[in-house]
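In the text below, chain A, chain B and the rest are named by the order of the sequence lines, each starting its count at 1.
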Amino acid sequence: MTALLSNLNPEQLEAVTWPHQSALILAGAGSGKTRVLTTRIAYLLQSGHAQPHNILAVTFTNKAAREMVARISALLPVNVRGMWIGTFHGLCHRMLRAHYQDAGLPQAFQILDMADQLAVIKRLLKARQLDDKALPPKQLQWFINHAKEEGLRASQMPADDSFNQLLAECYLAYETICIREGTVDFAELLLRCYELLSRNEILRDHYRNRFQHILVDEFQDTNRLQYKWIKLLAGIDAQQPAAVFAVGDDDQSIYAFRGAYVGNMRALERDFNIAKIIRLEQNYRSQGNILDAANALIANNKGRLGKNLWTAAGQGEPVRVYAAITDMDEAGFIVDEVKALHAEGIALSEIALLYRSNAQSRVLEHSLFNAAISYRVYGGMRFFDRQEVKHALAYLRLMILPDDDHALLRIINFPPRGIGTRTLEKLQDQAKMLDTSLWQTALKTHEKSQSTKGIAGFVNLIQTLQQQCEGQPLPEIIRRVADHSGLIAHYQNKQTESERIENLKELVNAATSFVHEAEDDSLTAFLAHASLEGGEHQADNQQDAVQLMTVHAAKGLEFHTVFISGLEEGLFPHDNSRNEPNGLEEERRLMYVAMTRAQQRLYLSYAESRMLHGQVRMNVPSRFVDEVPEKLLKNLRITHFSGRSYGQYAAEIGYKADTYTDQRRKTTTPTISKLAAKNLGEQGLDIGQQVSHAKFGVGTVINCEGNGSDMRVQVKFNQVGTKWLALAYAKLTPL
DNA sequence: GGCCTCCGTTTTTTT
DNA sequence: AACGGAGGCC
């Protein structure tokens, strides 16, 4: 026991040994959050306060869940299997499988991922003859998911105007489809589980009795339904409620855009009568200057629970800032620094290049590639999202749940077997008339036919596959399906598709390792695994490489050196965040997360001009750079120019932004430097200059076009956004 | 059925 | 710039 608790600081120790009561742990970045969580579990077990089966621990990602299991196992020899440790979705799924009948689901119910869900929605909208303008599929998807996250069913949706009525009707139609097909989307896993527990007293009491300790990781990222689920399971109104041990950091809440509700932290405090929040403020990751910078930045946010990170390590190096001329120049600078760091002995994998949006990675990749520095980009297409893999999975799903129209439609004519749009329409019409699934309809109308063509051929194929795979081991089932479905042959006929065949083989490999690792190695379990664990492609290249990722993807990670690039107004903070309530504060938290990833060295950079969406844009440095106290910064521009003038350096890096061509309109417009020098100069203006406008207030000139009386300038106003103004009319006063 | 062209979009993302 | 979707054409 003493070994377990040694080396904890006083706050960590208080959290770990907290009595059998609910607790809220405010755990700053790098404060040993995971350590506290896992040591708490080990402490409960070792001290005899709890048995493994009394413990439920919930995370957001499978990776976090796996890490938790691994670290507990390392702390003490315990049967981890007795504990329920997993993601919200994974745990809800587990309950629904165990009680599928009580939950009103077929035994072989299947999980729809976001793409599957969108496809179902598109099909639904098409059937109702609603085009994109009447109701965009994405919007309906968002509406349905948000409704579910609020715990609302279609029948509870307001229909106060015609559009809301339309939304409610479509939601209802969607629910009907899912029920008939036996499919469940991500939000449904949670809502269904919540409803199951709230309606079924026996089950509820069973689980309440069992889970006396509920531990929640990244609590700030919970949505309202997840919180209600925790509350229900903990049974705050019960005689002996479970102890909820919630660990989170309101300053690192960066998922409001997908429904996370930070207010849950306050709600927990209130609902669970938490008298004292435990704050973990000692940071074991970053050096002083980096923390001071991050603290100063986040202090600009309002309504925080309040927390100030400190470190026992020294101040370390200053935060380095580079003002680039172009995005290419910015990338070039970063690559130069990476080279220098690597030469000093820093491993490439200890260097992270962070950016706000994925599109920004390209310039960086380009420069790294040319410099022959190995790098790895995170994000992008995941294994189980690939079309060939999804096709194969659709065959498998249809075999065990033939009423899944979504799966059927995906493959009824893939590979092509002569079932065209008209045949399909006929089948769908018949199904509607018979009020049954497409599969049942196909059976009824083509059962007698022995034909190997068309729908009858498809029915025969699926039935044959069902028979052939009966009782076979999982990898063998997948091998047969990939082969007999004609998928392999189809891709073999195309020269460019050889990678897809490799992926189908990889799917067999995935099944092989799944059989070795999973407790339940059924096909149903494998399909659930494919949906829920979407395939973090972990195993690949161990080689030393620079890490490229969005700031979101970097959450929870740490690196010796971190570069945050593209720190420009409009990019970071992103323009779109302005339309969202508290959008700027979320952007700032994002910046806070990015900065606190760095251990020893932090670089901030921005570019004056950047190619975005095929157009050169002039940008103003991000306010986030200004929010870092000057005394913590070190400006590298002068050093990097090494004595040259701006003009000399610009010429050297080939910066010729005299004109840019709008490909769409085939027009060439003179931009910045020349015009700025000539025409703008005549007006007493310049790019980058602060100006004042009677109505719009203060702003910065960021672009211009035309000349003479037609001349217009683009001004980024501090209050009202970016506007094009005709100089002949608008009265701009240089400041 | 497959290929081509035009057009619109473009933040972040896990389950 | 780049990608995806829709619609037209052979």
Side-chain angles (χ1 to χ4, degrees), chain A residues 58-65 86-93 111-118 122 126 131-133 136-138 145 148-149 184-190 193 218 221-223 225-226 253-260 327 354-363 366 378-382 384-385 387 413-423 490 493-494 528-536 549-556 566 570-580 583 586-587 589-591 593-594 610-616 660-664:
Chain A
V58 57
T59 63
F60 276 87
T61 65
N62 294 296
K63 194 176 154 201
T87 62
F88 279 100
H89 296 83
L91 297 175
C92 288
H93 173 247
I111 301 165
L112 298 178
D113 66 18
M114 288 227 301
D116 295 328
Q117 184 188 36
L118 191 62
K122 282 184 180 168
K126 204 161 192 175
D131 64 4
D132 266 22
K133 271 156 244 144
K138 281 261 173 66
N145 289 336
K148 289 188 181 186
E149 279 163 15
V184 161
D185 59 50
F186 286 137
E188 183 73 24
L189 284 170
L190 296 171
C193 185
E218 305 277 15
D221 287 337
T222 52
N223 65 34
L225 180 57
Q226 286 159 340
S253 157
I254 55 173
Y255 285 111
F257 73 92
R258 68 173 196 215
D327 46 354
L354 308 185
Y355 34 81
R356 174 68 238 268
S357 60
N358 281 307
Q360 287 167 253
S361 76
R362 280 204 320 126
V363 196
H366 183 81
Y378 287 77
M381 179 77 75
R382 291 181 301 171
F384 285 103
D385 290 340
Q387 62 143 299
N413 199 34
F414 195 92
R417 48 177 70 87
I419 302 175
T421 331
R422 283 194 45 206
T423 318
H490 174 80
N493 289 336
K494 311 210 166 194
H529 165 85
S531 303
L532 286 175
E533 308 204 14
E536 293 133 79
M549 64 191 89
T550 62
V551 179
H552 283 92
K555 185 157 168 224
L571 251 188
F572 198 179
H574 200 279
D575 257 340
N576 296 11
S577 70
R578 286 187 316 187
N579 304 325
E580 256 133 78
E586 177 142 323
E587 294 288 310
R589 288 192 293 271
L590 205 45
M591 180 66 182
V593 168
R610 178 180 299 275
M611 183 74 129
L612 205 69
H613 310 320
Q615 248 185 295
V616 175
Y660 77 81
T661 306
D662 183 334
Q663 294 296 337
R664 183 63 51 84

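Here dA1(C) presents its C1' atom at 10 Å from CG of Leu612(A), a figure rounded to the nearest Å. Rounded to an integer number of Å, the gap from CG of Asn145(A) to P of dT14(B) is 16 Å.
Here Phe257(A) counts as stacked on dT12(B): its ring centre is under 5.5 angstrom from the base ring centre and the planes meet at under 30°.
At a threshold of 4.0 angstrom between heavy atoms, the contacts of Phe88(A) with the nucleic acid are absent. Counting non-hydrogen atoms under 4.0 angstrom, Asp113(A) reaches nothing in the nucleic acid. Using a 4.0 Å heavy-atom distance criterion, Asp221(A) is classed as making no nucleic acid contact. At the heavy-atom level, Gln117(A) lies nowhere under 4.0 Å from the strands shown.
Phe88(A) pairs by the ring-ring contact (aromatic ring centres under 6.0 Å, His included) definition with Phe60(A), Trp229(A), not counting sequence neighbours. Under the rule for a side-chain contact (heavy atoms from CB on, under 4.5 Å), the partners of Thr59(A) that lie at least two apart in sequence or sit in another chain are Ala64(A), Ala65(A), Met68(A), Thr87(A), Asp217(A). Among residues two or more places apart in sequence or in another chain, the side-chain contact (heavy atoms from CB on, under 4.5 Å) test is passed with His574(A) by Arg356(A), Asn576(A), Glu587(A). Residues satisfying the salt bridge (charged side-chain N to carboxylate O under 4.0 Å, His left out) test with Glu586(A), not counting sequence neighbours, are Arg589(A). Listed by chain and residue number, Tyr255(A), His552(A) satisfy the ring-ring contact (aromatic ring centres under 6.0 Å, His included) test with Phe257(A) (two or more places apart in sequence, or in another chain).
You'll find that the side chain of His574(A) is closest to dT11(B), out of dA1(C), dT11(B), dT13(B). Across dG2(B), dT13(B), dT11(B), the shortest atom-to-atom separation from the side chain of His552(A) is found for dT13(B). Relative to the side chain of Arg258(A), the nucleotides dT10(B), dT11(B), dT13(B) differ in distance, and dT13(B) lies closest.
Dashed line: the shortest gap from a side-chain N or O of Arg356(A) to OP1 or OP2 of dT13(B) is not under 4.0 Å.
A residue-by-residue look at Glu580(A) and Ile419(A) shows that Ile419(A) has its nearest nucleotide of DNA chain B further toward the 5' end.
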Sub-3.5 Å pairs of nitrogen or oxygen atoms, protein against nucleotides 6-10 of chain C:
none

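When only modelled atom types and interatomic distance are considered, Gln360(A) and Ser357(A) share a side-chain donor-acceptor pair under 3.5 Å.
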